[in-house]
Structure formats: C-alpha cells, structure tokens
Amino acid sequence: MKRKLYLVATAALLLLSASLNISGNGSGRSGAAVTFTKDVAPIIYENCAGCHRPGEIAPMSLLTYRQARPWAKSIREKVLDRSMPPWHADPAHGRFKNDRSLSKKEIDTIVKWVDTGAKEGNPKDLPPLPAFHEGWRMGKPDVVLTMDREFEVQAEGAVSYQYFYIPTNFKEDRWVQAAEVRPGNPSVVHHVIVFVVGPDVISRRGLMRDNVSGLVGTAPGEEPMVLPDGVGRKVKAGSTLVLQMHYTPNGTPQKDRTSVGLIFSRKPVEKEMVGGVAMNRRFTIPAGAESHEVRSSYSFKEDARIMSLMPHMHLRGKDYQFKLIYPDGASKILLSVPRYDFNWQTRYELAEPVFAPKGSRVECVAHFDNSPKNKWNPDPTKEIRWGQQTWDEMMIGFIGFVREDEKVSASAPASR
C-alpha cells in the first residue's frame with residue numbers, strides 16, 4: 001500500500017513539473033534552452049552594441065552569433081562581476097536615464113546561455129539589428145566641422161595640449177540639441193574638449209575666459225551630448241569652435257584630423273543648458289597614499305535644476321561623490337562612484353532633474369590611490385599634483401543644469 005502511494009505521489013510531482021515547464025516562457029522556463037538569437041541578442045543589442053560593433057571602441061563586435069560565440073566565457077565573466085557594460089554609479093543614490101547596467105534577470109540569462117553550451121538557436125528568432133548611423137552614435141549630424149589640417153603626432157614622448165580653431169560660419173544664432181566629437185585617429189586621441197568662443201574674444205595665443213563655454217567632449221567611455229526636447233546649447237552667430245586636444249603617442253608616427261558633428265534643435269527651445277565646474281587645482285597627493293581626500297564645490301547664484309554630473313580624475317582616481325547642500329543645511333547625495341575608472345569617463349544624466357535653490361551648493365569629495373596597490377599607478381614613489389598629462393592628476397566635477405526662471409526667447413527652432 002505504501003509503495004502504491006509513493007508511486008502515485010511521484011507521478012503527480014512529475015506531472016506538476018512537466019506542466020510548469022510547459023507553462024513557462026522565454027528564458028524563465030526551467031527546461032527551455034537559452035539561445036543567442038532569442039534571448040541573448042536582444043540584451044546585447046540594447047546594452048552593448050553601441051561599442052561592440054565594427055568601427056567602434058570595443059575590441060570586438062558582438063552583433064552576430066559567429067562574432068559573439070568565441071567570447072562566450074569572457075562575456076559571462078564580465079557580466080557577473082558587472083565590469084561590463086561599464087557603469088560605476090552606486091544604485092543607492094540617484095537614478096540615471098543612461099544607466100548601462102544589466103538587471104539580475106539579464107545577467108542570469110547570459111550566464112545560463114554560456115553554462116548550457118552557448119547555443120545559437122533559430123536564426124528566425126534573431127531581432128533586427130539596431131539602427132546605426134555610420135560613424136556617429138548620436139544620429140546623422142546636420143553639420144560636421146573638421147580641423148582644417150592634419151596634426152602629426154610624434155611616435156614617443158609627451159605632447160602638450162594642442163588647440164585647433166574651427167570657424168562655424170554661422171550667420172545666425174543656432175540652438176544645438178546634440179553634439180559629438182569624432183576623433184580622426186582614435187589610437188592617439190586621448191580626449192577632446194570643445195569650447196564655443198564668441199567672435200569678439202577669440203585669441204590665437206590661447207583661450208580667453210570671457211564668453212567661452214564648453215560644448216561637448218570625448219574621452220574613453222564618454223557618450224555624445226544629447227539633450228531632451230526643449231533644452232539646447234546656444235552657439236552665437238560667428239562663433240568659433242576651439243578643440244583642446246590631448247594626444248598620446250603610441251610608438252609610431254601618426255596623423256589626426258578630428259571632427260565635431262552638430263544636430264540642431266527641431267522643437268522650440270525653452271531652457272539653455274549651462275555648465276558649472278567644481279574644481280580643485282591646489283592639492284598634493286603624498287607618495288604611497290592609499291586614500292588621499294580632495295574636496296571642491298560649486299555654488300548656485302540662482303534657482304536651477306541639475307541635469308547631469310560628471311566626475312573627472314586620472315589614473316589614481318579611486319572614488320567620487322557629489323552632494324547637494326541646501327541653504328537650510330539639509331543635504332542629498334546626488335551621485336556616488338565608489339570605484340572610479342579612468343577608462344570610462346561617464347556623464348551621468350539624471351532621470352529626473354534635481355532642484356537646486358539659490359544659495360545651495362554641490363560639494364564634491366574625491367579620493368586618490370597613490371599606493372603600489374593601485375595597478376594603474378604610474379609611480380607610487382612620487383608626490384602628485386594637478387597637471388594635464390595622465391600621469392598627473394585632476395579633480396573636477398562637471399555639473400550640467402538649467403536656470404529655473406530663465407525663459408529662452410527661441411519660440412521656434414532655428415532653421416536648418
């Protein structure tokens with residue numbers, strides 16, 4: 001009798017298990033095979049294809065099964081330790097619309113795909129490739145402005161920052177909604193900062209501080225500037241773009257001719273994006289220091305809404321935090337980057353702008369690791385100060401915001 005009851009119970013469990021397997025769907029099915037075409041490709045197309053495609057900064061393309069399959073174990077390792085896709089913000093503070101991190105479900109799907117043999121699946125399940133504009137991540141530019149000549153980069157040694165002047169030849173003020181720097185030779189272009197200089201203040205001896213504003217930049221991992229509808233960056237008629245170029249020789253003589261692409265606002269502009277900088281140039285990091293603290297701040301002289309934050313340090317950068325201090329003394333952590341990575345210069349775009357009333361300030365706290373424990377440290381035996389080269393250091397907090405009470409007069413988009 002007991003044996004019959006046992007067999008009945010076992011059969012019931014098997015039937016229940018089978019029914020659960022049948023009723024499941026997608027990668028959540030316990031018995032279903034996870035395949036590249038149906039389960040993994042959508043994740044890659046959504047989160048990785050911007051870099052992992054031909055002609056972009058990643059070392060390999062992952063758009064097809066044939067391209068991705070040899071890297072399966074490496075992909076598993078990188079998504080498990082969350083080093084890929086690169087995203088360094090602490091999820092406990094703030095939400096960001098350009099968050100590249102994978103969900104636990106997405107990570108589990110990739111891990112299961114690899115652990116079960118990294119199968120291709122039915123080619124008919126493969127989703128359409130994402131739409132890319134050749135050479136531009138932001139989309140097709142309305143205008144492309146390019147250096148008027150090639151710059152020859154020496155094979156070795158340090159190259160001082162170079163400045164190139166590109167007249168816009170704009171006959172009227174233009175509102176820019178998106179901008180992107182396209183290095184001509186990424187192997188030697190470390191980073192670029194593009195300034196807009198009015199026609200009355202340009203100087204061939206360098207940049208003058210009045211009427212100069214930053215427009216866009218590029219650095220390892222940095223994304224193009226793409227603003228929401230109704231927000232723009234103003235480029236006055238007759239302005240000149242000034243490219244501050246940091247070149248890093250790679251062992252052989254090279255040439256570069258970098259371009260800047262602009263997309264003009266299609267809809268009426270209501271707010272102008274402006275920038276604040278919390279910067280500290282006066283610091284000394286002792287030799288061997290594991291966690292040397294440096295602080296900086298930026299104060300708001302009028303009501304504003306903070307839209308983006310971007311920390312910048314060099315190879316000894318360890319962590320970075322932005323904190324908003326209200327006039328009454330209350331505070332709020334806007335962004336915490338507990339593991340700063342010089343190789344990924346991320347501009348963190350807030351999912352919802354944060355109101356910063358007049359009299360509030362953003363306080364930035366950074367720590368630097370100048371010890372032998374830092375594998376990127378060029379020389380832990382030296383004191384380190386502010387400097388332009390990567391073996392020097394910087395401490396900058398870039399803050400993008402709009403003025404709360406400002407009403408831009410552009411009731412219609414600029415003509416194209």
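What you see below is based on every heavy atom in this structure, not just the backbone, and it leaves out hydrogens, waters and symmetry mates.
How far CE of Met307 is from NZ of Lys97: 5.5 Å, rounded to the nearest 0.5 Å. The CE atom of Met245 sits 9.0 Å away from the NE2 atom of His191 when rounded to the nearest 0.5 Å. Once rounded to the nearest 0.5 Å, the distance linking CG of Leu62 with CZ of Arg53 reads 12.5 Å. Expressed to the nearest 0.5 Å, how far OG of Ser308 lies from CD1 of Ile399 amounts to 9.0 Å. Taking CG from Asn98 and CH2 from Trp87, the interatomic distance works out to 4.0 Å, rounded to the nearest 0.5 Å. Atom NE2 of His93 sits about 10.5 Å away from atom CG of Leu334, to the nearest 0.5 Å.
Classified by interplanar angle (parallel below 30°, tilted 30° to 60°, perpendicular above 60°), the ring pair Phe401/Tyr298 is tilted.
By the 4.5 Å heavy-atom criterion applied to side chains, Gln244 and Phe164 are not counted as neighbours. At least one side-chain heavy atom of Phe283 sits under 4.5 Å from a side-chain heavy atom of Trp386. In this structure, the side chains of Met147 and Leu243 come closer than 4.5 Å at one or more pairs of heavy atoms. The closest side-chain heavy-atom distance from Phe300 to Val362 is below 4.5 Å. At a threshold of 4.5 Å between non-hydrogen side-chain atoms, the residues Ile43 and Thr109 count as touching. Contact annotation: the side chain of Val216 approaches that of Val181 to within less than 4.5 Å [non-hydrogen atoms, C-beta and beyond]. Counting heavy atoms from C-beta on, the side chains of Thr346 and Arg100 come closer than 4.5 Å. Taking the side chain as every heavy atom from C-beta outward, Val242 and Val194 never approach each other to under 4.5 Å.
Between the side chain of Arg257 and the backbone N or O of Lys255 there is no donor-acceptor pair closer than 3.5 Å. Between the Asp303 side chain and the Pro357 main chain, no donor and acceptor come within less than 3.5 Å of each other. Side-chain atoms of Gln254 do not come within 3.5 Å of backbone N or O of Val153 as any donor-acceptor pair. A distance-only check finds no donor-acceptor pair linking the side chain of Glu270 to the backbone of Val231 [under 3.5 Å]. Of the possible donor and acceptor atoms, one in the side chain of Glu393 sits under 3.5 Å from a partner among the backbone N and O of His314. Judged by distance alone, the side chain of Arg347 and the main-chain N or O of Glu223 form a donor-acceptor pair under 3.5 Å. At distances below 3.5 Å, not a single donor-acceptor pair connects side-chain atoms of Asp319 with backbone N or O atoms of Ser336. Not a single donor-acceptor pair under 3.5 Å links the side chain of Asn370 to the backbone N or O of Ala289. The backbone N or O of Phe170 lies less than 3.5 Å from a partner atom in the side chain of Thr168, making a donor-acceptor pair. When atom types are taken as modelled, the side chain of Ser74 and the backbone of Trp71 share no donor-acceptor pair closer than 3.5 angstrom.
Considering every non-hydrogen atom in both Trp391 and Ala158, the closest pair reads CH2-CB, 3.6 Å. Considering all non-hydrogen atoms of both residues, Pro224 and Arg137 come closest at CG-CB, 3.9 Å. Heavy-atom minimum distance, Ala356 versus Leu324: CB-CD1, 4.1 Å. Residues Ser239 and Gly198 approach most closely at OG-CA, 4.1 Å, considering heavy atoms. Nearest approach of Gly400 to Met273, heavy atoms of both residues: C-SD, 3.8 Å.
Ionic pairing of Asp369 and Lys373 is not present here: no N-O contact between side-chain nitrogen and carboxylate oxygen is shorter than 4.0 angstrom. A salt bridge links Glu404 with Arg305; the closest basic N to acidic carboxylate O contact falls under 4.0 Å. With respect to Arg76 and Asp115, a salt bridge is recorded, a charged nitrogen being found less than 4.0 Å from a carboxylate O. In this structure, Glu272 does not pair ionically with Lys234, as no charged nitrogen and carboxylate oxygen lie closer than 4.0 Å.
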Q) So Lys267 and Asp229, salt bridge (charged side-chain N to carboxylate O under 4.0 Å, His left out) or not? Walk me through it. A) CA-CA 7 Å; Lys267 297 182 179 181; Asp229 289 342; 3.2 Å; yes
Q) Would Glu156 and Asn250 count as a side-chain hydrogen bond (donor to acceptor under 3.5 Å, both in side chains) if you check the C-alpha gap in whole Å, the side-chain angles of each, and the deciding distance to 0.1 Å? A) CA-CA 7 Å; Glu156 298 177 348; Asn250 65 5; over 6 Å; no
Q) Step by step, would you call Arg95 with Glu352 a side chain to side chain contact (heavy atoms under 4.5 Å, CB included)? A) CA-CA 8 Å; Arg95 294 186 302 108; Glu352 296 292 337; 4.1 Å; yes
(Q) One pair to check against salt bridge (charged side-chain N to carboxylate O under 4.0 Å, His left out): Arg403 and Glu302. What are the steps and the verdict? (A) CA-CA 7 Å; Arg403 300 181 180 93; Glu302 53 197 320; 2.9 Å; yes
Q. Would Phe195 and Leu241 count as a side chain to side chain contact (heavy atoms under 4.5 Å, CB included) if you check the C-alpha gap in whole Å, the side-chain angles of each, and the deciding distance to 0.1 Å?
A. CA-CA 6 Å; Phe195 299 93; Leu241 299 189; over 6 Å; no
Q: Quick one: do Arg316 and Asn377 satisfy side-chain hydrogen bond (donor to acceptor under 3.5 Å, both in side chains)? Show the steps, please.
A: CA-CA 6 Å; Arg316 295 170 177 84; Asn377 194 346; 3.0 Å; yes
Q. Step by step, would you call Ser160 with Gln162 a side-chain hydrogen bond (donor to acceptor under 3.5 Å, both in side chains)?
A. CA-CA 6 Å; Ser160 300; Gln162 301 293 310; 5.4 Å; no
Q: Take Phe368 and Lys318 through the side chain to side chain contact (heavy atoms under 4.5 Å, CB included) test and state the conclusion after the steps.
A: CA-CA 5 Å; Phe368 296 86; Lys318 184 177 182 180; 5.7 Å; no
**Q.** Asp142/Arg174 under salt bridge (charged side-chain N to carboxylate O under 4.0 Å, His left out): CA gap, chis, key distance, verdict
**A.** CA-CA 12 Å; Asp142 293 320; Arg174 309 303 296 262; over 6 Å; no
Q: Please lay out, stage by stage, how Arg182 and Thr146 fare under the test side-chain hydrogen bond (donor to acceptor under 3.5 Å, both in side chains).
A: CA-CA 9 Å; Arg182 196 71 184 175; Thr146 303; over 6 Å; no
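In this structure, Tyr348 has its ring center at least 6.0 angstrom away from the ring center of Phe322. In summary, the aromatic rings of Tyr340 and Tyr320 are positioned with their centroids too far apart to meet the 6.0 Å limit. If you look at Phe342 and His190, their ring centroids are closer than 6.0 Å. The aromatic ring centroids of His246 and Tyr161 lie less than 6.0 Å from each other.
A side chain to side chain contact (heavy atoms under 4.5 Å, CB included) with Lys104 is found for exactly one of Ile107, Leu102, Asp108, namely Asp108.
Within 6.0 Å of atom CD in Glu293, more than 12 heavy atoms from other residues, nucleotides or ligands are found, so the atom counts as buried in its surroundings.
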